[in-house]
*Asks:* 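Attaching a single structure in C-alpha cells format; questions to follow.
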2 protein chains.
Amino acid sequence: MIPTIKDVAAHAGFSIATVSRAINAPHTVNPITLDKVRQSIDALNFRPSPLGRQLRGERTRLIGLILPTLANPVFAECLQGIDELASAQGYRLMLMTTQYDAHRERHAIETLREQRVEGLILTVTDADTHPLLDELDRAGLLYVLMHNDTVRRPSVSVDNRLAAYDGVRSLIAHGHRRILMLAGTLAASDRARQRHLGYAQAMQQAGLTPAPALEVDFNAEELAPSVLAHLTSGQSRPTALFCSNDLLAMVVMRGLRRARLRIPQDMSILGFDGLAMGELLSPPLASICAPNREIGCAAWRRLLARVTGDDDASASTSLALTLPHSLREGATIAAISNRTDSTSPRASAATEQPLA
Amino acid sequence: MIPTIKDVAAHAGFSIATVSRAINAPHTVNPITLDKVRQSIDALNFRPSPLGRQLRGERTRLIGLILPTLANPVFAECLQGIDELASAQGYRLMLMTTQYDAHRERHAIETLREQRVEGLILTVTDADTHPLLDELDRAGLLYVLMHNDTVRRPSVSVDNRLAAYDGVRSLIAHGHRRILMLAGTLAASDRARQRHLGYAQAMQQAGLTPAPALEVDFNAEELAPSVLAHLTSGQSRPTALFCSNDLLAMVVMRGLRRARLRIPQDMSILGFDGLAMGELLSPPLASICAPNREIGCAAWRRLLARVTGDDDASASTSLALTLPHSLREGATIAAISNRTDSTSPRASAATEQPLA
DNA sequence: GTGAAAGCGCTAACAA
DNA sequence: TTGTTAGCGCTTTCAC
C-alpha cells in the first residue's frame with residue numbers, strides 16, 4: 001500500500017540505510033546513487049513516515065491546541081495567527097474544542113498527551129482554579145494559555161481588568177452614569193471576572209455604584225423578559241451596556257432592536273474583543289479590542305521558546321505576557337448630556353449625539 | 001522522561017506483554033496482576049504511545065482537514081460539525097489552512113499524507129481543475145470535498161447553481177430587474193462559477209440581461225470608486241446586489257453605507273452562506289443558506305464510511321452529495337414597484353417597502 | 001560510499 | 001495466566 005523505505009531500497013537496489021542517508025544527508029552519498037534513489041522515491045511516490053522518526057525519539061513537531069469553541073470568532077482569529085507561524089516553522093497542529101465542558105477539556109489534554117505533542121496552547125474557563133493545569137505542570141507538559149487572565153501560569157492575554165476599566169471610563173466620559181455590565185452564561189471565567197473588576201473600579205472611581213453582571217443567554221432569539229425589564233425600567237434604566245464580549249454585544253443589540261430600542265440613541269453599547277466582524281455592523285460596534293491574532297502569535301512564540309529550550313531570555317520574564325489593548329470607537333456609544341439626564345428613551349434621545 | 005510500557009513493566013514486576021494485555025485486553029489477565037499493573041500505570045502516569053501502535057500498522061485514527069481560512073466563519077461552522085463527530089468517535093483532527101494558496105494546498109496535503117492520516121476533508125478553490133486531487137486519487141488517499149461543487153469527485157455541498165437561481169428569482173419576485181452579482185477577488189472558485197450560472201439563468205428566464213460578476217476587494221475599507229460607480233450610475237443603477245458570499249455582503253453593506261446608500265431602501269442585498277452572524281446584523285442579512293455545520297457532519301460521515309469500508313451503501317450513491325439550501329428572508333431586500341421603476345435612489349425609496 | 005544491525009514503543013503469535 | 005520474540009518504518013552507529 002503505502003511504500004516504505006524498504007520498498008524504495010529494493011526498487012533502487014540499495015540498502016535502506018543508503019536510502020535514509022539519501023534523504024537526510026544527501027551529501028554523504030555518491031551522486032549517482034543519490035540520483036537512483038531519488039528516482040525510486042519519485043517512482044514510488046514515497047514519503048518518509050514521521051512515525052518511524054518520532055519513534056526514534058526525534059521531535060514530533062506536533063503542537064496541541066485546545067479551544068472552547070470556534071463559534072466565537074475570537075478563537076478563530078487567534079487560531080489564524082498560530083496556524084500561520086506553525087506551518088511556516090514546519091509544525092503540525094492538532095485541534096480540539098471543548099465547548100467549555102470540563103470533561104472534554106480533560107479528554108482533550110489526555111488525547112494530545114498521548115499523541116506526544118511537544119506543547120499545548122489552550123484557553124480554559126478559569127486558569128486559577130483549574131486542576132488540569134496543575135497536572136500538566138506535574139507531567140512536565142509545556143503549555144501556554146491564551147486569553148486566560150492569570151499571573152500564576154504562562155499566559156498571553158490583555159490586561160482584562162485595565163481594559164474594561166478604560167472602556168467603562170470612556171462610557172463615563174461620554175456622560176453615562178447608569179452603566180450595566182452584561183455577561184454570558186459563562187460568567188465564571190477568569191476574564192469575565194477581571195472585566196467586571198475593571199468595570200466596578202471605573203464606576204466607583206467616578207462615584208457611581210457598580211452592579212453585579214447581568215447574565216444573558218447567548219443563544220436565545222430574544223432577550224429574556226427579566227433582562228429586558230432591567231434594561232428598560234423607567235427610573236434606573238441604564239443608558240449604556242458594557243458587554244463582556246462582542247458576540248454577546250451583537251446578540252444584545254439584536255434583542256434591543258426587537259424591543260424597539262435604538263442604538264445608540266436609546267442605549268449605548270460597548271463590547272469586548274475587537275472582532276473584525278464588529279466593524280461591519282451598523283452601527284459599527286464600539287469595542288475594547290484585544291489583538292487576537294497577535295495573542296495567538298505571541299502564545300506560539302512563547303510555547304516554542306519553551307519547547308526548543310530558548311527560554312533563557314524569557315526566564316527573566318514574568319509568566320503572564322500582557323499585550324496592549326485598544327479602544328475602537330465604533331458608533332454604538334452616544335454622548336449623554338448630564339444636565340438633562342432623563343430616563344425616558346424618547347426624551348433623552350433628543351439630547352444625545354451619536355458619536356462618529 | 002515520558003514513561004514507556006517498559007517502565008511500567010519494570011515498576012510492576014511483569015513483562016511488557018502483560019502490561020500490554022492489561023491495557024488492551026484486561027479480561028485476559030489475572031485480576032491481581034491487573035491491579036498491580038494499573039497501580040504502576042497510575043504511579044508513573046503512563047499513557048500508551050499511539051506511535052508504537054500506529055507503527056504496528058494499526059489505524060492512526062487521524063483525519064486531515066484542509067480549509068482555505070478560518071477568517072470566514074463558513075469554514076469555522078463546518079469545522080464545528082466535523083469536530084463534534086470526530087471527537088465523539090475517537091478520531092483526531094489535524095488542521096491546516098491554505099489561505100487559498102496553491103503552494104500551501106500542496107504542502108498541506110504532503111504534510112498530512114506523511115502523518116498517515118486515514119483520510120482528508122478539504123475545500124479547494126476549484127475541484128474540477130485541481131491536479132492535487134488527481135494525485136490523491138492516484139495515491140489512494142481517501143478524501144471528501146466540502147463546499148466544492150463538482151460531480152466528478154466525492155463532495156458534500158449545496159446545489160450552488162440552483163441555490164443562486166432560487167435566490168435571484170426571489171429578488172426578481174420582489175420586483176427587481178437590474179440585479180448585479182458581486183464576487184470576491186477569488187471569483188475563480190467552482191462555487192462562484194456555479195452561483196453565477198444560477199444568477200444568469202434566473203435573469204434570462206425573466207427576460208433580463210445577466211451581467212458578469214463584479215469583483216470586489218474583500219479587504220478594502222471602502223468600496224473601490226470603480227465599483228461604486230457601477231452601483232450608483234443613474235440610468236442603469238442596480239436595485240439589488242447578489243453577493244457571492246455573506247462576508248462579502250457585509251463588506252459591501254458597510255461600503256454602501258459609507259457612500260450614504262440606505263439598505264434596503266436604496267439597495268437590496270442578498271448574500272450566500274447563511275452565516276449565523278448575518279442574523280445579528282441590522283438589518284438582518286437576507287441570505288441563501290447552506291447548512292454549513294451539517295455539511296461538515298455529512299462530509300465526516302462520508303469520509304468515515306469510506307475509511308472504515310462501510311461504503312457498500314454509498315457505492316450506489318453518486319459522488320456528489322447535495323444538501324438542501326434555504327432562503328433566509330432577513331430584511332435587506334426591499335420590494336420594488338415596477339411601474340415606478342425610477343433610477344433615483346431618493347425617488348425610488350419612497351415607493352419601496354422594507355420587507356419584514 | 002555503502003551495508004548490516006540495533007533499537008525506538010508497542011502488539012500479537014507462539015511458548016511455557 | 002504470563003513471558004519471549006519478531007517486527008512495524010526509520011535513524012544511526014559501526015563495520016566493511
Side-chain angles (χ1 to χ4, degrees), chain A residues 1-41 44-62 110-118 139, chain B residues 1-41 44-62 110-118 139:
Chain A
M1 247 267 307
I2 293 180
T4 78
I5 198 173
K6 229 180 208 167
D7 300 319
V8 177
H11 187 274
F14 290 93
S15 73
I16 59 168
T18 300
V19 175
S20 177
R21 275 189 293 261
I23 295 167
N24 300 298
H27 56 279
T28 67
V29 359
N30 183 314
I32 302 182
T33 309
L34 184 58
D35 196 55
K36 286 186 190 160
V37 170
R38 285 191 168 155
Q39 282 184 17
S40 297
I41 288 179
L44 298 173
N45 203 357
F46 166 79
R47 300 276 162 246
S49 161
L51 279 87
R53 293 181 170 169
Q54 290 163 191
L55 199 48
R56 295 261 342 172
E58 330 266 283
R59 320 233 336 248
T60 60
R61 294 183 88 80
L62 202 58
E110 300 228 318
T111 303
L112 294 175
R113 218 164 86 74
E114 286 180 8
Q115 286 292 324
R116 302 297 190 261
V117 294
E118 295 186 22
Chain B
M1 248 269 307
I2 293 180
T4 77
I5 197 173
K6 229 179 207 167
D7 300 320
V8 178
H11 186 275
F14 291 93
S15 72
I16 59 168
T18 300
V19 175
S20 177
R21 275 189 294 260
I23 295 166
N24 301 298
H27 56 279
T28 67
V29 358
N30 183 313
I32 302 181
T33 309
L34 184 58
D35 196 54
K36 286 188 191 159
V37 170
R38 287 192 166 151
Q39 282 184 17
S40 298
I41 288 179
L44 299 172
N45 204 357
F46 166 80
R47 300 275 164 247
S49 161
L51 274 67
R53 292 179 170 171
Q54 290 163 190
L55 199 50
R56 294 262 341 170
E58 330 265 282
R59 318 234 338 248
T60 59
R61 295 184 87 80
L62 203 60
E110 300 227 321
T111 303
L112 294 175
R113 217 163 86 76
E114 285 179 10
Q115 287 291 322
R116 301 297 188 262
V117 294
E118 294 186 21

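In what follows, every chain begins at residue 1, and chains take the letters A, B, ... in the order their sequences are listed. Computed from a predicted structure; not experimentally measured.
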*Asks:* For D:dC10 and A:Ser49 - does any side-chain N or O of the residue sit under 4.0 Å from the phosphate oxygens OP1/OP2?
*Replies:*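 Looking at the OP1 and OP2 atoms of D:dC10, neither is under 4.0 Å from any side-chain N or O of A:Ser49.
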
*Asks:* Which part of the nucleic acid, if any, lies within reach of A:Pro48 when heavy atoms closer than 4.0 Å are counted: base, sugar-phosphate only, or nothing?
*Replies:*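 Answer is sugar-phosphate: A:Pro48 comes under 4.0 Å of backbone atoms only.
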
*Asks:* Let me spell it out: for each of A:Arg47 and B:Val29, pick the nucleotide of DNA chain D with the closest heavy atom. Which residue's pick is nearer the 5' end?
*Replies:*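 Result of the comparison: B:Val29.
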
*Asks:* Distances for protein N/O vs nucleotides 14-16 of chain C N/O pairs under 3.5 angstrom?
*Replies:*
none

*Asks:* Do B:Asn24 and B:Arg53 have side chains that get closer than 4.5 Å, going by heavy atoms?
*Replies:*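 B:Asn24 reaches B:Arg53 side chain to side chain.
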
*Asks:* Regarding B:Ser20, tell me which of base, sugar-phosphate or nothing describes its non-hydrogen contacts under 4.0 Å with the strands shown.
*Replies:*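 Base: the residue B:Ser20, judged by heavy atoms under 4.0 Å, touches a nucleobase.
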
*Asks:* On DNA chain D, nearest-nucleotide positions of B:Arg116 versus B:Ile32: which is more 5'?
*Replies:*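 So the residue in question is B:Ile32.
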
*Asks:* Would you say B:Arg113 and A:Asn45 make side-chain contact, with heavy atoms under 4.5 Å?
*Replies:*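 Sidechains of A:Asn45 and B:Arg113: in contact.
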
*Asks:* I need the CD1-C1' distance between A:Ile2 and D:dC8, as an integer number of Å.
*Replies:*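 Distance check: A:Ile2 CD1 to D:dC8 C1' gives 13 Å.
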
*Asks:* Looking at A:Arg61, is its backbone amide N or carbonyl O close enough to the side chain of A:Glu118 to form a donor-acceptor pair, meaning the two atoms are under 3.5 Å apart?
*Replies:*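 Pair found, side chain donor or acceptor close to backbone of A:Arg61.
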
*Asks:* If I take atom CD in residue B:Glu114 and atom P in nucleotide D:dG9, what distance separates them, rounded to the nearest angstrom?
*Replies:*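 Taking CD of B:Glu114 and P of D:dG9, I get 16 Å after rounding.
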
*Asks:* Examine D:dT4: is either OP1 or OP2 under 4.0 Å from a nitrogen or oxygen in the side chain of B:Ser15? Give yes or no.
*Replies:*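 It does not, given that no N or O in the side chain of B:Ser15 lies less than 4.0 Å from OP1 or OP2 of D:dT4.
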
*Asks:* Taking atom C1' of C:dC8 as reference, at what distance in whole Å does atom CZ of A:Arg59 sit?
*Replies:*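 Answer to the nearest Å: 17 Å.
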
*Asks:* Donor-acceptor pair under 3.5 Å: do we get one between B:Arg56's side chain and the base of C:dG9?
*Replies:*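 A donor-acceptor contact between them is absent.
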
*Asks:* Is a side-chain N or O of A:Thr60 found less than 3.5 angstrom from the main chain of A:Arg116, in a donor-acceptor match?
*Replies:*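 At least one qualifying donor-acceptor pair exists.
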
*Asks:* Search all heavy atoms of B:Ala12 against all heavy atoms of B:Lys36 and return the closest pair with its distance.
*Replies:*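 What the structure gives for the nearest pair is CB-O, 4.3 Å.
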
*Asks:* Output the single nucleotide from C:dA4, C:dG9, D:dT11 whose closest atom is nearest the side chain of B:Thr4.
*Replies:*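 Nearest listed nucleotide: C:dG9.
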
*Asks:* Separation of A:Asn24 atom CG from D:dT12 atom P, in whole Å?
*Replies:*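 It works out to 7 Å between those atoms.
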
*Asks:* Considering just the side-chain nitrogens and oxygens of B:Lys6, establish if one lies under 4.0 Å of OP1 or OP2 belonging to C:dC8.
*Replies:*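 For C:dC8, OP1 or OP2 has a side-chain N or O of B:Lys6 closer than 4.0 Å.
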
*Asks:* Find the distance between OG (A:Ser49) and CD (B:Gln115) and round it off to the nearest 0.5 Å.
*Replies:*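 A:Ser49 atom OG to B:Gln115 atom CD measures 8.0 Å (nearest 0.5 Å).
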
*Asks:* Go through D:dG9, D:dT1, C:dA12 for me and flag the one nearest to the B:Thr33 side chain.
*Replies:*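 Per side-chain heavy atoms of B:Thr33, the pick is D:dT1.
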
*Asks:* Rounded to whole angstroms, how far apart are CG on A:Asn30 and P on C:dG3?
*Replies:*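 Roughly 11 Å, once rounded to whole Å.
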
*Asks:* For A:Ile23 and D:dG9, what is the distance between atoms CD1 and P respectively, to the nearest whole Å?
*Replies:*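 One finds 14 Å between P of D:dG9 and CD1 of A:Ile23, rounded.
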
*Asks:* Does a side-chain heavy-atom distance below 4.5 Å link B:Thr4 with B:Val8?
*Replies:*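 A side-chain contact is absent here, since even the closest heavy-atom pair is not under 4.5 Å.
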
*Asks:* Would you kindly give the CD-to-P distance between B:Gln54 and C:dA12, to the nearest whole Å?
*Replies:*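 Nearest whole value for this atom pair: 14 Å.
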
*Asks:* Would you mind reading off the distance between A:Leu51 atom CG and D:dC8 atom C1', rounded to a whole angstrom?
*Replies:*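 After rounding, the gap between these two atoms is 10 Å.
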
*Asks:* Side chain of B:Ile16, heavy atoms from C-beta onward: which of D:dT2, C:dC10, C:dT2 has the nearest atom to it?
*Replies:*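 Given the options D:dT2, C:dC10, C:dT2, the side chain of B:Ile16 is closest to C:dC10.
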
*Asks:* Kindly indicate whether the side chain of A:Thr18, heavy atoms from C-beta on, has any atom under 4.5 Å from the side chain of A:Thr33.
*Replies:*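 SC-SC contact between A:Thr18 and A:Thr33 confirmed.
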
*Asks:* Using the side-chain heavy atoms of A:Arg53, tell me which of these nucleotides is nearest: C:dG1, D:dC10, D:dG3.
*Replies:*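 Among the listed nucleotides, the one closest to the side chain of A:Arg53 is D:dC10.
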
